[in-house]
Participant: 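Okay, handing you the structure first.
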Amino acid sequence: MSDKKAEQIVKQFDSLAAQRSNWESHWQEIGDYIIPRKADVTKARSDGDKRSELVFDGTALHAAELLSASLHGMLTNSSTAWFSLRFRNAELDGNDEAKEWLQSVEDVMYLAFSRSNFHEQVHELYHDLITFGTAVMFIENDPKYQLQFSTRHISECYLSEDEKGRVDTVYRKFQMPNRAVLQRFGEKVLSTKRLTEIKENPYNNTTLLHAVFPNSERDITKVTNNNKPFSSIYVDHEEKITLSEGGFDELPYCCPRYLKSSFEIGYGRSPAMTALADTKMLNKMSEVSIRYAQKLVDPPLIVPDDGFMLPIRTVPGGLNFKRSGTRDTIEPLNVNTGNPLGMQMETQRREMIRQAFYVDQLILGASPNMTATEVMQRTEEKMRLLGPVMGRLQAELLQPLIERAYNILSRDNAFAETPEVLQGTDIEIDYVSPLAKAQRQGDVQSALQLLEIMAPLAQVDPSIMDYIDVDGMSKHIIKTLGVPATAVRGDEEVRGVRQQRQAAQAAEQEKQDALQAAEAAGNAAPILKALT
């Protein structure tokens, strides 16, 4: 027997499904032509089924894979740092104890990311992002590896936004084996019909709903699993029975959109949607070109209507018999051997697809005479082309991802004990990935260019260097380049080093003064003796 809460969840799900219906045919076409392995939106396919029956040219497939791999390497590279933490209170930047604690927090987080399945799942997320325009990743606690990530197929997810345009509601419709349903939720919450089906067909699948949404009825005075900022409810879709009810302290889903129109709610658009028309046209052209090539290699034959014994054998070594005395022969039908217009049109379409996926910008065509400086400059310019995408990905992917991981690890007491000076201090995120650094590289170049310009002026008038705050410039460059705290000294440590240097210089100066005084006294001794 169904319950009211489950019926309400199913009703809300039906509303979200109706809002998403227009997107599904679009996603299915993208799956058919650009990402066949995920072409399961409106078509029901069995596991292991062939999915590339509509693909005659792989340009779009390869371009999408290149862009997703490039985003992974430029935003969340597993071999380099891609985020750092800093205090909102700038005065703590000079505190060695505070900076070292913050560095230890970063080390714990990077270790947790590397031990988990983060990098394999985030690559799938980037692929969904640049093809379907919307990607969904679920982040949860793992008892063994601390963090667990799962990129969900867009066909499972139904989204809604808050007043700020950020996704805060995720409904997911998915299937689970019957025996797994029993293991996870137990017998008490299952209906009699479901228990009977599980007993008779344990390997069949059951359709479930998982709803995560803001808990508007939360009682903040109670610290229970059902009074958290976000509700989490599992429902048997067919029986309309609530299987479990809980909550999350923050939204466990990251739902980035590549591009998004202000009047479209929930879902975004992608480079694959831009390239879809050219991709379909190129596949049709390639199909025609393949038939044309087949006619050239195995042309149709002109056979006389009389004089030959049918059927005609065109296999290697085949014998065809004709009546003696006749001059009729089998000849190939003349097919035009040149198709420059078709090849030119295909080349144009391929170039348009590559431009939609930034292939020309991502692959650096270096010439033999190009200097290292020019290569670096061109690489930075190419990375800046993805700058517009960077802001949305930081807001909708990286920030909620890092905050969710930090909160999970903090609740598990994975970090070192917080120093007293940091109690109640807010922490902010800095992005130091190769793409983020390329966006800020101009600031460093401006600072270095200033020093180059001021150096010859200082030879004329040394006082001109009074305009430059060397300490401030050094801090700016260190912050812009994202240098780890363990590689630089804090303000207190620098102050101590300078005091030691000044004391050593003062001691050395006193020693020199004493030697000079002794030397002067030694030189004056003979004169005094003579006068005496």
Side-chain angles (χ1 to χ4, degrees), residues 2-3 5-21 23-25 27-28 30-32 35-51 117 120-121 124-125 127-128 132 134-140 142 148-160 169-213 231-246 248 252-253 255 266-267:
S2 62
D3 57 74
K5 181 169 292 186
E7 290 178 353
Q8 183 68 18
I9 293 296
V10 172
K11 183 178 179 180
Q12 293 171 354
F13 167 77
D14 292 338
S15 176
L16 293 176
Q19 296 175 14
R20 202 195 75 167
S21 58
W23 293 91
E24 294 175 355
S25 60
W27 293 338
Q28 183 61 51
I30 290 173
D32 289 335
I35 182 170
R37 63 187 178 89
K38 293 190 175 183
D40 299 88
V41 182
T42 60
K43 296 180 181 179
R45 298 176 181 266
S46 58
D47 295 343
D49 187 19
K50 296 180 179 179
R51 299 166 181 259
N117 62 339
E120 62 188 63
Q121 292 298 316
E124 289 294 324
L125 180 139
H127 213 148
D128 289 352
F132 298 119
T134 305
V136 179
M137 174 184 281
F138 184 66
I139 309 171
E140 58 184 334
D142 186 84
Q148 177 71 22
F149 301 87
S150 177
T151 298
R152 311 310 308 176
H153 196 291
I154 189 61
S155 63
E156 298 181 358
C157 303
Y158 302 78
L159 313 179
S160 184
T169 300
V170 179
Y171 279 59
R172 187 165 71 91
K173 181 181 179 182
F174 64 102
Q175 291 187 333
M176 182 182 290
N178 286 339
R179 62 192 186 96
V181 173
L182 180 61
Q183 293 170 357
R184 176 159 185 172
F185 302 105
E187 296 183 2
K188 294 182 180 180
V189 297
L190 298 177
S191 64
T192 304
K193 178 182 177 182
R194 184 65 64 200
L195 288 173
T196 303
E197 183 180 351
I198 291 174
K199 183 177 180 180
E200 295 177 352
N201 301 295
Y203 299 103
N204 286 356
N205 294 328
T206 296
T207 302
L208 304 179
L209 289 179
H210 181 209
V212 177
F213 52 90
S231 297
S232 172
I233 302 176
Y234 283 89
V235 173
D236 187 327
H237 183 258
E238 181 181 353
E239 296 294 314
K240 296 182 180 179
I241 293 178
T242 302
L243 301 180
S244 71
E245 185 176 359
F248 294 100
Y253 288 98
C255 304
Y267 308 97

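One is the number of the first residue; the rest follow in order along the sequence. No hydrogens, no waters, no symmetry mates; every other heavy atom, side chains included, goes into these values.
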Participant: Would you compute the distance between atom NE2 of H210 and atom CE of M176 and round it to the nearest 0.5 angstrom?
Facilitator: 10.0 Å

Participant: Just jot down the side chain to side chain donor-acceptor pair (under 3.5 Å) partners of T207, sequence neighbours excluded, or say none.
Facilitator: none

Participant: Counting C-beta onward and ignoring hydrogens, is there a side-chain heavy-atom pair between L209 and I233 closer than 4.5 Å?
Facilitator: no

Participant: Is there side-chain contact between T134 and D128, with heavy atoms separated by less than 4.5 Å?
Facilitator: no

Participant: Below 30° counts as parallel, above 60° as perpendicular, anything between as tilted: where do the rings of W23 and Y267 land?
Facilitator: tilted

Participant: Check for a donor-acceptor pair, side chain of D3 on one end and backbone N or O of T242 on the other, with a separation under 3.5 Å.
Facilitator: yes

Participant: Validate the cation-pi geometry between R194 and F185: distance from NZ or CZ to the six-membered ring centre under 6.0 Å, angle to the ring axis within 45°.
Facilitator: no

Participant: Return the set of residues passing side chain to side chain donor-acceptor pair (under 3.5 Å) with T42 (not counting sequence neighbours), or none when no residue passes.
Facilitator: Q28

Participant: Will you find, in the side chains of Y253 and R152, an N or O donor that is under 3.5 Å from an N or O acceptor?
Facilitator: no

Participant: Given E156, which partner from the list K173, R20, R172 fulfils the salt bridge (Lys or Arg N to Asp or Glu O under 4.0 Å) test?
Facilitator: R172

Participant: Among H153, E124, H127, find the one that has a side chain to side chain donor-acceptor pair (under 3.5 Å) with K38.
Facilitator: E124

Participant: How far apart are the C-alpha atoms of D40 and S155, what are their side-chain angles, what is the distance that settles it, and do they pass the side chain to side chain donor-acceptor pair (under 3.5 Å) test?
Facilitator: CA-CA 7 Å; D40 299 88; S155 63; over 6 Å; no

Participant: Could you tell me whether the side chain of T206 and the main chain of N178 form a donor-acceptor pair under 3.5 Å?
Facilitator: no

